[in-house]
Amino acid sequence: MNPRRIADLAQELGAKLIGDPELSISGVAGIREARPGDLTFLANPRYEIHLGETRASAVLIEEAKPGAGLAQLVHPHPYLAFLKAVKIFRKERSRPALGVHPTAVVYPGAEVGERVSLGPHVVIDEGAKVGDDCVVMAGSYVGRGARLGKETWLYPNVVVNDDCVLGERVTIHPGTVIGADGFGYVREGEVHHKVPQVGTVLVGDDVEIGANTCVDRATTGTTVIGAGTKIDNLVQVGHNVEMEENVIVVAQVGISGSTRVRRGATLAGQAGIAGHIEIGEFAVVASQAGVTKSVPPNTQVSGYPAQPHSVARRIHALTMKLPRLVERLAQLEQRLQALEEERSDHHVRSRS
Amino acid sequence: MNPRRIADLAQELGAKLIGDPELSISGVAGIREARPGDLTFLANPRYEIHLGETRASAVLIEEAKPGAGLAQLVHPHPYLAFLKAVKIFRKERSRPALGVHPTAVVYPGAEVGERVSLGPHVVIDEGAKVGDDCVVMAGSYVGRGARLGKETWLYPNVVVNDDCVLGERVTIHPGTVIGADGFGYVREGEVHHKVPQVGTVLVGDDVEIGANTCVDRATTGTTVIGAGTKIDNLVQVGHNVEMEENVIVVAQVGISGSTRVRRGATLAGQAGIAGHIEIGEFAVVASQAGVTKSVPPNTQVSGYPAQPHSVARRIHALTMKLPRLVERLAQLEQRLQALEEERSDHHVRSRS
Amino acid sequence: MNPRRIADLAQELGAKLIGDPELSISGVAGIREARPGDLTFLANPRYEIHLGETRASAVLIEEAKPGAGLAQLVHPHPYLAFLKAVKIFRKERSRPALGVHPTAVVYPGAEVGERVSLGPHVVIDEGAKVGDDCVVMAGSYVGRGARLGKETWLYPNVVVNDDCVLGERVTIHPGTVIGADGFGYVREGEVHHKVPQVGTVLVGDDVEIGANTCVDRATTGTTVIGAGTKIDNLVQVGHNVEMEENVIVVAQVGISGSTRVRRGATLAGQAGIAGHIEIGEFAVVASQAGVTKSVPPNTQVSGYPAQPHSVARRIHALTMKLPRLVERLAQLEQRLQALEEERSDHHVRSRS
C-alpha cells in the first residue's frame, strides 16, 4: 500500500482534481474516521456537515465545494469511485513467511497444500486438509478431518473443530471457535442428558468472521454460513443455523438454533434471534432487538419483542408521553365529576 | 456410533415397528433438526404439525399415524424411549491418542494420571493435577495448583487458571477461561484500586461449559458451578457466583458477582442477572431479561426490569394498545367538551 | 500476602482495635463477599444490615458497635483505611519463573527486555518489543511490531496483533484479542467490500482488561484505551473508539465504532453504545441500556433507547400502571355515556 500522488489517483478514478497535484494519499476511510493522508467520500448529503471537520486530506465529491479546505476529486458517482479506491488501497496483509514453522505439528494423514504459511505451535490434526496459499497463524488448531479452502487465513489461536469445512478466501480472526458442540440436552427428571452433536459447520467462500465468535456445529446435518457473509466479534451462532449469502452480523448478536437468515439480511449489534424462525431477505434487525418470530423480507424490526420498526417507534413515542396522558386522564376525571355534581345539584334542586 | 437396523432398535426400545425392518438408523435428533437416517420423537402435540415436514427417517410416537410417510416406532412413552435411544447413539467422542504429546509441557511437580491424552502444546503448570482418563487438547493451559477430576475433557485453547478445581466428567469447549480475576476495584478519587482476587473456582461433576465462556475466580472463597449444570457459549459468570445443580445457562447470559442460582433454574439467552440476588429453584428467566431482584422458585420472569412473566405479557399487550388508548382519550375529551358547552349554553339560555 | 496480627494491622492503619489482638487477618473483601480471615469495612449505612451476616473476621467501622460479633477496627474514615489495607494485602501475583521458556519462539528482530518471563509456546513476532519485567504466559502471541511497556502482564492465550502498543503495568486476562480488524465494509450491490483496517490500538498505562474481550484496531489512526481504565470480560470495543482515563466497562458491554468515552464514565453490564457518539465525563450508563445518542457529563441514563435515568424510571412506573389507567379510562367512558344518555332523555322529555 504505497502512497500515491493524488493527480495519479484522480486519473485512475476518472475524477477531476481540485487541489495540489503532488498531495500524497496513503489510505481510504469514512469521513468521520479519516486521518491526514486519507481519501474519503461524500455521497450522502446527511454527512455534508462533517466535511468541515474531517481530518481527511481529500474527498471524492459530486460537485466541487469552494473553500472546503481539502483537496477534492470531483466525480459523478463519488461512492462508486470510492469503492474503486478501496480496492486500489486494499492493504495486502503483510503475509507471514511461507513454510511450516518447526514448532507446528502436522499429524500423519493431514494434507497441506502449496505455498502455505503455518505459524509456530499450529496444529493440523489427522486427516485435515489445508488448501493452497492458506495462512494459519500461531496457536491455531485445525481438527481431524477439517478442511480449509484455498487462500483461507486463520489468525492466531483460532479453533476449527473436527470435520468442519471452510471455503476459499475465508478470514477468521483470533480466538474464534468453529464447530464447538451445539447446546442440546433432553431432560429426564432434573438431569440433562446431552444430545450428541454429530453434525458439522460449512463456511462459504469469502466469509469473514471476527474475534472470539462461536459458530456451533449442527446436531445432525450442517450449520451453514453463506458465501460473502460477514460476522463481527463475540457473536453466537447456534447449531443448525443456516445463513445465506452476504448477511451482515454485528458484534455480540446471538442466533438461536435452527434459525435461517436469508441473503442480504443485517443483524445489528447485540440483537437476539429466537430459534426455528426465519429472517427474510434484506431484512434489518435493529441493535438490541429481541426477535421472537419470523421477519418478512425487506422489513425492519426493533424492540423487544421485536415489532416492525415504524410500530416500535410509534409505541415508544406514546410511551414517552405517558405522563401527559395521565394528566389528561386526571383532568377528564375532574371535569366529569364537576358535571356529575352539577347534574346531581340540579336534580336535587328540581326535586326541591 | 454404528448405524442399526430399525427392527433391532425397536426391540431394544420395546417399541412396535411400523415400516421397513431393514431401515438403517444412524442418529437421533429433534423433529425439526433431524436429517435422513435420524430417529426423532413426537411427545408434544404442539409439534405434530412438524411431522409432515421432518426429514427424519423414523419417529417414536404414542399412537401410529397412518400415512405419516416415515417409519414409526410406537411406544406408550415416546419421550422416555427417545432418551434411551439418545444413550444408545451417544457418540463416543473419537478420543485423541493416549499419551503425552512430545510438544506438551508438564512442569515439575505436576501430577498426571493414567490413560490421559495431552495434546500438542498443552501446558500443565507446577503442582497441577490431571486425573485419570482426562483429555486435554492442543494449546490448553492448566495453571499452577489447578486440578482436573477423572475423565474430564478440555477442548483446544482452554485456560484453567491457578488453583481452580474441576470435577469428574467435566467438558469444557474451546477458548473458555476458568478463573480469570473477578472485576473488583475500590475507587479513591478518580483512581480505581484493584481488590485482590485470591479465591478460586470449583466446577462440579458432569458440568459442560461451551466455547469462549468466562467463569471468574472469587474475590475470596469460591465461585461454584454445581454438578450437572450446563453452560452455553460466551457466558459471563462473575466472581463469587454460586450455581447449584442442573442449572441451564444459555448463550451470552451475564451473571453478576455474588449471585446465587438455585438448582434446576434456567437462564435463557442474553439474560442479565444483577449481583447479590438469588434465582430460585426451577425458576425460568426469559431471554434478554434484565433481572434486578431475586426471583422466587418455580416462577418465570421476563422483560427489563424483569417482572413475573404474566405481568410482563399483560403490560406489553397494553403498551401495544397505546395508540387506541390515546384515541379513546381524545374522543372522551371531545364528548366531554360537547357536554360542557351544551351545559354552558343551557345556563346562558336559562339566564336569558 | 502473609497473614498479620490484627493488633499490628490496627497500628498500621491508625485504627482502634476492639477484639482479640492475636486474631490473624489474611485478606480484604467487601462485606458480602468476605470469608473468615478477611477484613471488611462499613462506610455506607445502607450495608449495616449485612454486618450481622458477614463472614468477615473483622470490620473497619466509624463507631464501635457493641455486640457486633466480630473484631472491630474503629477509624474516622473506614473507607480510606480499607483502601490502605487493600494496598497492604495486594497479592503479589505469584510470578512465573524468570526467563524465556525453551518452547517460546522469539523471532529475529524482536526485542525482549530484562527480567521477563516468557512462558511455554509464547510467540514474539518480528520487530515486536517486550519491555522489562513483563510476563507473557503460555500460548500468548505478540504480533509484528507490537510493543508491551514495562511490567505488563499477559495471561495465557492472549493475542496482541501487529503494531498494537500496550503501556506499562497493563494486565490482560486470558483469551483477549487486541487489534483484530474493525468491522468495516462498503456495499456494492449485494456484495460487501472490506475497508482495509490499517490503524492500530493504543492501551494506556495501568489498564486492566478481562478475559475473552475484543478491542478492534482502527480503520485508520488509533483505537485508544486511556490510562487507568478497567474493562471486564467479553466486552466489544469497536474500531476508532477512544476511551479516556479511568473508565469502567463491565462485562458484555458493546461500544460501536468511533465513539468517545470520556474520563471516569461507567458502562454497566451488557449496555450497548451506538457509534459516533460521546459518553460524557463521569456519566453512568445502566446495565442493558441501549445508548443511541450522546450522554452529557455527570448524568445517568438507562433503558432502550436510553433516557435520563429519572425519566426512564418514571416512564417505567407509569407503564406498570397501564392496567389501572385502562380501567380509569373505561370508567370515564361509562360515566360519560350515562351523562349523555340522561341529557338525551332530558331532551326527549323536554320535547314531549
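This one's a predicted model, so the numbers in the text were calculated from it and none came from an experiment. We name chains A, B, ... by the order of the sequence lines, and we start the count at 1 in each one.
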Verdict with supporting geometry, C:Thr266 and B:Arg187, side chain to side chain contact (heavy atoms under 4.5 Å, CB included): CA-CA 12 Å; C:Thr266 298; B:Arg187 187 175 286 206; 3.7 Å; yes
Measure from the side-chain N and O atoms of C:His121 to the backbone N and O of B:Val105, and report whether any donor-acceptor pair falls under 3.5 Å. no
Closest heavy-atom contact between B:Cys214 and C:Leu234? SG-CG, 3.9 Å
With a 4.5 angstrom heavy-atom cut-off, could you sort out which part of [X] is near chain C: side chain, backbone, both or neither?
X: B:Val311; answer: side chain
X: B:Arg335; answer: both
X: B:Gln307; answer: side chain

Could you go through the side chain to side chain contact (heavy atoms under 4.5 Å, CB included) check for C:Ile248 and B:Phe183 one step at a time? CA-CA 10 Å; C:Ile248 290 286; B:Phe183 194 66; 3.9 Å; yes
Between C:Thr319 and B:Leu318, is a side chain to side chain contact (heavy atoms under 4.5 Å, CB included) present by the stated rule, with each step listed? CA-CA 9 Å; C:Thr319 307; B:Leu318 290 177; over 6 Å; no
Can a side-chain donor-acceptor contact be found between B:Asn240 and C:Glu33 if the only test is distance below 3.5 angstrom? no
So which residue, B:Leu339, B:Val195, B:Thr219, ends up with the most heavy-atom pairs under 4.5 Å with chain C? B:Leu339
With chain C, the option among B:Ile315, B:Asp216, B:Leu336 that has the most non-hydrogen atom pairs under 4.5 Å is B:Ile315
Ionic contact status for C:Lys84 with B:Glu188, cut-off 4.0 Å: no
